[in-house]
> 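Encoded as structure tokens, here's the structure I'll be asking about.
Naming: A, B, ... by sequence-line order, numbering from 1 per chain.
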Protein chains: 2
Amino acid sequence: MSSKPVSLKVLAAHLGLTVGTVSRALNGYADISPATRKRVQTAAKELGYRPNQNARRLSIGSPETVGYLMPRLNHSGSQPFIAQLLQGLGEALGKRHWDLLVTHADSSQDELAHIERLVRSGRVGGLVISRPLKNDPRIRLLQDLKFPFVVHGRTASCDNYAWYDVDGEDAFVTAVNHLVALGHSRIAFVGAPLQHQFAQDRLNGYQTAIKANGLPLDPDLIQIAEFSDDGGEMATNLLLDFAQPPTAVVCISDTVALGALAALRARGLRPGIDVSVIGYDGLKFGNHSNPPLTTMAQPQAHAGRRLGDMLLAIIDGDDPAMHQELQRAQLLRRKTDGPLHCAKAQQDISKREEIQ
Amino acid sequence: MSSKPVSLKVLAAHLGLTVGTVSRALNGYADISPATRKRVQTAAKELGYRPNQNARRLSIGSPETVGYLMPRLNHSGSQPFIAQLLQGLGEALGKRHWDLLVTHADSSQDELAHIERLVRSGRVGGLVISRPLKNDPRIRLLQDLKFPFVVHGRTASCDNYAWYDVDGEDAFVTAVNHLVALGHSRIAFVGAPLQHQFAQDRLNGYQTAIKANGLPLDPDLIQIAEFSDDGGEMATNLLLDFAQPPTAVVCISDTVALGALAALRARGLRPGIDVSVIGYDGLKFGNHSNPPLTTMAQPQAHAGRRLGDMLLAIIDGDDPAMHQELQRAQLLRRKTDGPLHCAKAQQDISKREEIQ
DNA sequence: TTGCGCTCCGAAACCGGTTTCGGTTAGCGT
DNA sequence: ACGCTAACCGAAACCGGTTTCGGAGCGCAA
């Protein structure tokens with residue numbers, strides 16, 4: 001950077017005014033005559049004056065910046081929405097000329113230390129965190145610090161803080177009901193480790209719907225696997241090895257569902273005909289899977305913007321508990337769901353009815 | 001934020017020292033006795049002192065922050081990398097305790113104004129930009145401002161600035177050669193609008209390889225479409241409507257290639273048997289397309305870290321031209337490439353040989 | 001004892017803005 | 001001509017750090 005940025009001082013010298021006057025002129029104070037204000041403004045534009053944000057923020061006592069804590073990308077499932085989320089956050093913050101700082105902890109161990117450092121260093125005035133655990137220590141820490149934050153997702157007890165989430169429980173109720181309406185009764189669930197609340201929510205939805213439909217809750221049909229396509233494939237293989245394999249599988253994510261499809265195809269089973277599969281997320285990519293994946297599509301479009309607006313409102317003093325937004329996912333039928341009609345499955349149904 | 005952060009002033013008062021002394025003690029100056037240094041350090045740890053970064057950065061004259069200009073997400077092809085890229089950038093910057101600021105211009109028109117504001121406001125000490133155009137005004141602007149920056153990708157004349165890129169030309173030479181080795185001679189290219197240099201590079205690679213293999217350069221076989229799955233599908237439909245349709249298609253991205261696969265399947269053509277398709281990117285998702293997509297996989301893993309390291313080095317004074325890194329993509333064979341063997345294609349080949 | 005140098009810390013300027021406070025000037029009425 | 005008020009701007013404190021400079025206090029040798 002060669003040409004040093006023009007500071008308030010040189011602008012003032014150039015105008016024959018003091019820095020204080022120039023500052024007030026640019027910031028719209030009433031005790032500046034319209035004439036000089038105009039003069040200052042044009043001079044500022046000519047010289048390309050931009051206030052040094054570090055100085056400004058130090059002075060006004062606000063960092064005018066919020067931080068986003070990137071989730072660790074070990075599990076490949078979290079990548080698709082980050083770009084959209086950041087874009088939305090950026091839009092919301094941009095309206096007030098706030099900045100977006102993106103950070104990630106080096107390891108999950110020192111994530112708390114990372115947050116505390118971030119907060120106390122005054123670099124950010126608020127924080128956005130993603131994918132909370134059931135009982136997330138980050139949330140407790142931020143509450144203890146009384147620091148403004150919003151959560152993309154929810155914990156088990158979701159009171160007293162702001163969050164934006166898609167109702168995973170409701171989504172899986174919808175998915176299961178849909179499969180039941182298609183005639184399925186042996187419906188399996190392929191999930192992910194339950195430390196994340198979203199995994200628990202979706203499992204809850206599955207269980208609720210199974211019971212509500214008067215179906216037996218077979219523990220064999222609940223498989224907790226790695227949150228990836230490989231995990232979905234392995235879990236589905238286990239399911240298919242049972243004496244009475246399921247005729248339908250709901251998967252915790254589209255990525256996992258793709259693994260399930262792979263397992264089915266490897267055995268010559270036709271997804272959507274022999275075994276139905278429903279995913280969750282609504283990724284565009286599901287259009288191109290083999291066959292195209294039926295899924296519960298979540299409205300990811302303005303999650304970022306909503307979270308940004310919430311956070312700014314909270315920083316302005318709003319009660320965080322006021323800002324809790326639950327969206328619903330919608331069934332997006334493509335080609336992996338279909339009516340029960342293979343002979344073997346019919347057998348299973350009749351057996352179940354005898355037992356009842 | 002209730003409990004006000006402990007400043008240098010209160011820490012000094014608590015110790016009976018002056019702020020200057022405490023600051024020097026914490027920053028390792030030699031003119032502080034080991035005894036008081038120890039005393040200051042333990043007190044700082046006890047009180048949880050964290051220097052206010054805005055004040056610190058104002059004082060030392062460095063923002064200790066670099067900015068990343070998010071590409072606009074209109075074309076859905078750019079999303080997959082962003083998360084990985086940001087993660088890598090964060091790692092590189094974190095080693096020196098620098099921050100990462102993520103911004104995006106509201107519209108492409110005022111992107112230049114956005115950059116200038118960013119630079120002059122002193123919020124960032126360097127910039128990372130993605131997906132340059134052939135002749136990118138952003139790069140010219142940053143060069144004029146003599147501001148440190150690195151580019152993820154290249155422009156047509158890639159001198160005098162730092163970049164990290166994957167050799168798209170080489171990749172498409174490899175892809176075409178591979179198809180020729182499989183017996184194909186009518187090989188089509190489905191590209192994207194050429195304002196982006198990467199689109200031009202890949203087209204160049206295609207053309208170079210076609211010529212190098214002594215094949216005719218049929219303009220009909222070069223289709224420029226929208227950079228999306230739909231674009232790929234439409235372009236492929238056009239290709240298949242020709243009297244002599246291609247027996248193989250190389251696509252500018254995996255997303256576009258998925259559209260090509262869809263077009264083939266819609267006509268009952270079997271990708272990899274009747275018509276070969278090769279994509280570019282190496283997205284994991286290609287494992288699950290129908291059938292799994294053969295592609296030129298680029299090593300995206302440490303792009304972010306390399307770009308971050310480069311940028312820091314340039315900010316430290318390195319000549320940008322020293323930092324230019326070109327990676328190669330590798331052919332990742334899955335199921336959409338195969339030998340030429342259908343009757344119609346054989347005809348085409350014999351015709352071509354007669355002409356020669 | 002005086003003088004010298006060295007160790008260690010205090011004082012103050014500075015980074016570039018914002019904001020309060022006080023004083024000068026102009027304009028007005030009488 | 002005088003006083004009063006309001007408009008307008010200068011001066012200075014302040015935000016919370018960093019860094020330079022100078023001086024107090026000490027030990028040591030002469």
> Which residue in the set B:His97, B:Arg96, B:Arg56 passes side chain to side chain donor-acceptor pair (under 3.5 Å) when paired with B:Glu64?
B:Arg56

> Rounded to the nearest Å, what distance is computed from the CZ atom of residue A:Arg123 to the P atom of nucleotide D:dG17?
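After rounding, the gap between these two atoms is 13 Å.
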
> Side-chain contact, heavy-atom cut-off 4.5 Å: A:Glu91 with A:Gln87?
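Yes; the side chains approach each other to less than 4.5 Å.
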
> Without decimals, in angstroms, what is the distance between A:Leu26 CG and C:dG16 P?
17 Å

> Do A:Tyr68 and A:Ser130 have side-chain atoms, one donor and one acceptor, less than 3.5 Å apart?
yes

> Quick check for you: to the nearest 0.5 Å, what is the distance between A:Leu89 atom CG and A:Arg306 atom CZ?
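A:Leu89 atom CG to A:Arg306 atom CZ measures 12.0 Å (nearest 0.5 Å).
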
> For nucleotides 20-28 of chain D, just jot down a letter per nucleotide in 5' to 3' order: B, S or -, based on protein non-hydrogen atoms under 4.0 Å.
B--------

> Round to the nearest Å and state the distance from B:Ile32 atom CD1 to C:dT7 atom C1'.
11 Å

> Below the 4.0 Å mark, does D:dG17 have OP1 or OP2 next to a side-chain nitrogen or oxygen of B:Ser23?
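For B:Ser23, the contact criterion (side-chain N or O under 4.0 Å from OP1 or OP2 of D:dG17) is not met.
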
> Taking OP1 and OP2 of C:dC9, is either one under 4.0 Å from a side-chain nitrogen or oxygen of B:Thr36?
yes

> Test the B:Arg154-B:Phe198 pair against the cation-pi criterion, namely NZ or CZ under 6.0 angstrom from the six-membered ring centroid and within 45° of the ring axis.
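Not satisfied by the 6.0 Å and 45° rule.
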
> Students often mix this up, so state it plainly: with edges at 30° and 60°, are the rings of B:Tyr164 and B:His152 parallel, tilted or perpendicular?
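B:Tyr164 vs B:His152 ring planes: tilted.
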
> Ignoring backbone atoms, establish whether A:Thr18 has a side-chain N or O less than 4.0 Å from OP1 or OP2 of D:dA11.
no

> Would you kindly say whether A:His114 and A:Asp106 are connected by a side-chain donor-acceptor distance under 3.5 Å?
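Distance-only check fails for A:His114 and A:Asp106.
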
> Enumerate the residues from residues 53-66 of chain A whose closest heavy atom to DNA chain D is under 4.0 Å, giving them by residue number; use none for an empty result.
A:Leu58, A:Ser59

> Which part of the nucleic acid, if any, lies within contact of B:Ser7, taking any heavy atom under 4.0 Å across all strands shown: a base, the sugar-phosphate backbone alone, or nothing?
sugar-phosphate

> Between the side chains of B:Thr155 and B:Tyr161, does any donor sit under 3.5 Å from an acceptor?
yes

> Using atom OH of A:Tyr49 as one end and atom C1' of C:dT18 as the other, report the distance to the nearest whole Å.
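The distance from OH of A:Tyr49 to C1' of C:dT18 comes to 10 Å, rounded to the nearest Å.
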
> Any side-chain heavy atom of A:Thr103 sitting closer than 4.5 Å to one from A:Leu101?
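Contact flag for A:Thr103/A:Leu101 side chains = yes.
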
> What integer distance in Å separates A:Asn27:CG from C:dG16:P?
17 Å

> Take the protein atom CG of B:Leu8 and the nucleotide atom P of D:dC14, then report the distance between them rounded to whole Å.
17 Å

> Would you mind telling me which residue lines up with the more 5' stretch of DNA chain C, B:Arg37 or A:Asn52, judged by nearest nucleotide?
B:Arg37

> Using a 4.0 Å heavy-atom cut-off, does B:Ser33 contact any base of the nucleic acid, only the sugar-phosphate backbone, or nothing at all?
sugar-phosphate

